[in-house]
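All residue numbers refer to positions in the sequence shown, counting from 1. The analysis underlying the following values was restricted to heavy atoms, covering all of them including side chains, and did not include hydrogens, waters or symmetry mates.
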Amino acid sequence: MKIVVTAWNSVVMDSWENCNKYESMLLEQMKLGPKVGLVEVKRLIKRKKAKFASDPRGVGNHWVTERDGEFIFGCDARLNVKNSIAENVSH
């Protein structure tokens with residue numbers, strides 16, 4: 001789950017800063033390991049951009065629990081308040 005969260009957050013943080021610095025750093029790090037890891041991270045990044053592009057929230061604290069034989073993922077959502085819609089509304 002840490003890799004999934006890291007891939008998600010790299011795309012989110014790049015959107016906050018209007019760059020691709022975090023995605024590039026993640027992909028460079030993944031090149032040091034098995035090729036299958038790099039391929040899967042690329043898929044995760046593509047999926048975030050294709051299906052969840054409008055979601056500006058990052059993942060904060062996260063956990064996985066098991067209940068009745070099912071695994072449940074939970075997390076705190078983070079938002080870049082500096083660039084949020086509410087901050088950009090004039091008073």
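Note that CG of Asn80 and OG of Ser15 are 8.0 Å apart. Values are rounded to the nearest 0.5 Å. Leu32 contributes atom CG, which lies 10.0 Å from atom CG of Leu38 (distance to the nearest 0.5 angstrom). To the nearest 0.5 Å, atoms OG (Ser10) and CH2 (Trp8) are separated by 11.0 Å. Rounding to the nearest 0.5 Å gives a distance of 5.0 Å between CG of Asn61 and CG of Asp76. Once rounded to the nearest 0.5 Å, the distance linking NZ of Lys46 with CZ of Arg43 reads 9.5 Å.
A salt bridge does not link Lys48 with Glu23: none of the charged nitrogens is closer than 4.0 Å to a carboxylate oxygen. With salt bridges taken as basic N to acidic carboxylate O contacts below 4.0 Å, none links Glu70 and Arg67.
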Decide side chain to side chain contact (heavy atoms under 4.5 Å, CB included) for Val12 and Arg57; before the verdict, give the C-alpha distance in whole Å, the side-chain angles of both, and the deciding distance to 0.1 Å. CA-CA 7 Å; Val12 169; Arg57 298 171 296 174; over 6 Å; no
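Not counting sequence neighbours, Phe73 has no partner by the ring pair (Phe, Tyr, Trp, His ring centres under 6.0 Å) test. Residues meeting the side chain to side chain donor-acceptor pair (under 3.5 Å) test with Arg78, sequence neighbours left out: none.
Asn9 pairs with exactly one of Val4, Asp14, Val59 by the side chain to side chain contact (heavy atoms under 4.5 Å, CB included) rule, that one being Val59.
Counting heavy atoms from C-beta on, the side chains of His62 and Lys2 come closer than 4.5 Å.
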